[in-house]
Peer 1: 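Sharing a structure, written as structure tokens. Questions coming.
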Amino acid sequence: MEKVAFIINPFSAKKNYQPFLNELKNKVGNPLYYVSESIPGTDEFIKTHFDEVDIFVAIGGDGTISTVAKNLISTDKILAIFPAGSGNGFSNETRFNKNLDELLEKIKAKQSRKIDTFTVNDRLSINVSGTGFDGKVVKEFEKTNRGFKNYIKVSLKTFFNYKPIKVTFFDEEYKQYNGRYLMLNIANTRQFGNNAYIAPKASKSDGLVDMVLVKKFPLTYSALFAFRMFTKRLKDDEYVTYLPVSEISFKVNTKNWHLDGEFNKIESPVHVKVQPASLNILI
């Protein structure tokens, strides 16, 4: 497998990457791999080996995958994934699992297809990004040991204290949606992770993203919202609005965002733009 490189985020999967690495060495022999301590380190590793490698495998969560992917945008290089994050939304949506044998068979077959990505003020996102409530949740979540239970705890604590954000659109056709929202999400795929489907009709290959506007809802609606989200049934109603767009600009009165689950500070005005068929992914 001299044309494959494995990039491991040692902080994913509760920092227990050694069993994966041991299995990889046992099944591949002398694999080309890199245990990444930083984003610049990952970028440099990919740059160094770019010409000799056809498939780059990201071992980590959505943030790790996005870090690897940004180096492969609009090239013929192929992204593959071994999920090791807390949510694994993008890997779920692209049908990667924690079976190394299955991954190695896919690599051997070397079949791929192009999917969309998008940018938020020129910063890459491949899955779901957002601001408002979930941006604040991600900020607080990063202070914990992660894990689904901690995510739920932080979400509940944040919900009751969170004041809605103010969103103002610049384009005339979207000004009717100006207002205050619990959260605003940009979805290239259907789910955040952990099978929480924020945009059940989103497609990663239609040249569009779903902008999801969610108004702050009463406690009596929360159970229905959660039920619909985990059963792929969220839809337009008095609290939820979907806007399929290829490009859109707006301002929002917070800088707290998450890009593929990683906390970021982003200044308004915000410009979201789809990059159609920009990422080659293993199938």
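Computed from a predicted model, the values in this text were never measured in an experiment.
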Peer 1: In chain order, what residues pass the salt bridge (charged side-chain N to carboxylate O under 4.0 Å, His left out) check against D237, with sequence neighbours excluded?
Peer 2: R228

Peer 1: Look only at the side chain of S66 and the backbone of G63, and say whether a donor-acceptor pair between them is shorter than 3.5 Å.
Peer 2: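 Here the side-chain-to-backbone pair does not exist.
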
Peer 1: Evaluate T67 against D43 for side-chain contact (heavy atoms from CB on, under 4.5 Å), listing each step before the verdict.
Peer 2: CA-CA 8 Å; T67 297; D43 294 342; 4.3 Å; yes

Peer 1: Any chance you could measure L124, atom CG, to T119, atom OG1, to the nearest 0.5 Å?
Peer 2: 8.0 Å

Peer 1: For residues N99 and N97, report the shortest heavy-atom separation together with the two atoms involved.
Peer 2: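 Minimum heavy-atom contact is N-OD1, 2.9 Å.
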
Peer 1: Does K110 pair with D54 as a salt bridge, N-O distance under 4.0 Å?
Peer 2: yes

Peer 1: If you draw a 6.0 Å radius around CG in D122, do more than 12 non-hydrogen atoms from other residues or ligands fall strictly inside?
Peer 2: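 No, the 6.0 Å shell around CG holds no more than 12 heavy atoms from other groups.
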
Peer 1: Counting C-beta onward and ignoring hydrogens, is there a side-chain heavy-atom pair between M211 and I248 closer than 4.5 Å?
Peer 2: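 With C-beta onward as the side chain, the pair touches.
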
Peer 1: Take H271 and E247 through the side-chain contact (heavy atoms from CB on, under 4.5 Å) test and state the conclusion after the steps.
Peer 2: CA-CA 7 Å; H271 181 223; E247 187 172 1; 2.6 Å; yes

Peer 1: Hey, what do you get for CD1 (I65) to CD1 (I7), rounding to the nearest 0.5 Å?
Peer 2: 11.5 Å

Peer 1: Just so I know, are the side chains of V272 and V270 near enough to count as touching, which here means a heavy-atom distance under 4.5 Å?
Peer 2: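 Yes, at least one pair of side-chain atoms sits under 4.5 Å.
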
Peer 1: Distance check, rounded to the nearest 0.5 Å: N194 atom CG versus M229 atom CE?
Peer 2: 10.0 Å

Peer 1: Verify the distance criterion only: is there a donor paired with an acceptor across the side chains of S278 and S74 at less than 3.5 Å?
Peer 2: no

Peer 1: Do E93 and R190 meet the salt-bridge criterion of a basic N to acidic O distance under 4.0 Å?
Peer 2: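 Counted as a salt bridge, because a side-chain N and a carboxylate O are separated by less than 4.0 Å.
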
Peer 1: Relative to F96, does K106 satisfy both conditions: NZ or CZ under 6.0 angstrom from the six-membered ring centre, and within 45 degrees of the ring's axis?
Peer 2: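 Judged by the rule, K106 and F96 form a cation-pi pair.
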
Peer 1: Heavy-atom count around I266 CD1 within 6.0 Å, excluding the residue itself: above 12?
Peer 2: yes

Peer 1: I want to check a possible cation-pi pair here: K77 against F56, using under 6.0 Å from ring centre and within 45° of the ring axis as the test.
Peer 2: no

Peer 1: So, does S268 use its side chain to make a donor-acceptor pair with the main chain of V252 at under 3.5 Å?
Peer 2: yes

Peer 1: Verify the distance criterion only: is there a donor paired with an acceptor across the side chains of N127 and T189 at less than 3.5 Å?
Peer 2: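 Side-chain D/A pair, N127 to T189: present.
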
Peer 1: Is any side-chain heavy atom of Y242 less than 4.5 Å from a side-chain heavy atom of L234?
Peer 2: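 Of all side-chain heavy-atom pairs linking L234 with Y242, at least one is under 4.5 Å.
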
Peer 1: For residues D260 and S125, is any side-chain donor paired with an opposing acceptor at under 3.5 Å?
Peer 2: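 Yes.
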
Peer 1: Does NZ belonging to K114 count more than 12 external heavy atoms closer than 6.0 Å?
Peer 2: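 Yes.
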
Peer 1: Would you please classify the geometry between the Y221 ring and the Y239 ring as parallel, tilted or perpendicular, with 30° and 60° separating the classes?
Peer 2: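 Tilted, since the angle between the ring planes falls between 30° and 60°.
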
Peer 1: Measuring from atom NZ of K216 to atom CD1 of I165, what distance do you get when rounded to the nearest 0.5 angstrom?
Peer 2: 12.0 Å

Peer 1: Below 4.5 Å, heavy atoms only, C-beta onward: do I59 and N9 meet side chain to side chain?
Peer 2: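 Not in contact.
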
Peer 1: Could you check whether F82 and F20 have their ring centres less than 6.0 Å apart?
Peer 2: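 Distance test on ring centres: under 6.0 Å, yes.
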
Peer 1: Verify whether one side chain among R113 and N280 offers a donor that lies under 3.5 Å from an acceptor in the other.
Peer 2: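 No pair is found: no donor N or O on one side chain lies under 3.5 Å from an acceptor on the other.
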
Peer 1: I'd like to know whether R233 forms a side-chain contact (heavy atoms from CB on, under 4.5 Å) with F227, so could you lay out the CA-CA distance, the side-chain angles of the two residues, the decisive distance to 0.1 Å, and finally the verdict.
Peer 2: CA-CA 8 Å; R233 297 179 186 178; F227 171 76; 3.5 Å; yes

Peer 1: How long is the straight-line distance from CD1 of I115 back to CD1 of I126, given to the nearest 0.5 Å?
Peer 2: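 Nearest 0.5 Å value for the CD1-CD1 distance: 7.0 Å.
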
Peer 1: In residues 27-37, what donor-acceptor pairs under 3.5 Å come from side-chain atoms, sequence neighbours left out?
Peer 2:
residue: K27; atom: NZ; partner: E23; partner atom: OE2; Å: 2.7
residue: K27; atom: NZ; partner: D101; partner atom: OD1; Å: 2.9
residue: K27; atom: NZ; partner: D101; partner atom: OD2; Å: 3.2
residue: Y33; atom: OH; partner: K25; partner atom: NZ; Å: 3.3
residue: S36; atom: OG; partner: S38; partner atom: N; Å: 3.4
residue: S36; atom: OG; partner: S38; partner atom: O; Å: 2.9
residue: S36; atom: OG; partner: T42; partner atom: OG1; Å: 2.6

Peer 1: Please confirm whether K232 makes a cation-pi placement over Y197, using NZ or CZ under 6.0 Å from the six-membered ring centre and within 45° of the ring normal.
Peer 2: yes

Peer 1: Using 4.0 Å as the upper bound for N to carboxylate O, is an ion pair formed by K175 and E172?
Peer 2: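 Salt bridge flag = yes for K175 with E172.
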
Peer 1: Answer yes or no: is there a donor N or O on one side and an acceptor on the other, between the side chain of N92 and the main chain of N88, under 3.5 Å?
Peer 2: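 Side chain of N92 to backbone of N88, a donor-acceptor pair under 3.5 Å: yes, one is there.
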
Peer 1: Can N256 and K265 be counted as having a side-chain donor-acceptor contact under 3.5 angstrom?
Peer 2: yes

Peer 1: Is any side-chain heavy atom of V128 less than 4.5 Å from a side-chain heavy atom of N188?
Peer 2: no

Peer 1: Which value, rounded to the nearest 0.5 Å, describes the distance between T241 atom OG1 and L243 atom CG?
Peer 2: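 One finds 6.5 Å between OG1 of T241 and CG of L243.
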
Peer 1: For the residue pair T94 and K204, establish whether any side-chain heavy-atom pair is separated by less than 4.5 Å.
Peer 2: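 They are in contact (side-chain heavy atoms under 4.5 Å apart), so the answer is yes.
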
Peer 1: Please tell me if the side chains of T75 and F50 come closer than 4.5 Å, counting only heavy atoms from C-beta onward.
Peer 2: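 With C-beta onward as the side chain, the pair touches.
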
Peer 1: Quick one: which residue pairs count as a salt bridge (charged side-chain N to carboxylate O under 4.0 Å, His left out) with a foot in residues 272-283, not counting sequence neighbours?
Peer 2: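 Passing the test, one end in residues 272-283: no pairs.
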
Peer 1: Over all heavy atoms of both residues, which pair between F169 and Y174 is shortest? Give the atoms and the distance, please.
Peer 2: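 Residues F169 and Y174, closest heavy atoms: CD1-O, 3.5 Å.
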
Peer 1: Taking C-beta and beyond as the side chain, do Y162 and L182 meet within less than 4.5 Å on heavy atoms?
Peer 2: yes

Peer 1: Kindly give the heavy-atom pair with the smallest separation between L208 and P244, and that separation in Å.
Peer 2: CD1-CB, 4.2 Å

Peer 1: Can a donor-acceptor pair be found, under 3.5 Å and without considering hydrogens, that links the side chain of D116 to the backbone of A277?
Peer 2: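 Looks like yes, one N/O pair under 3.5 Å.
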
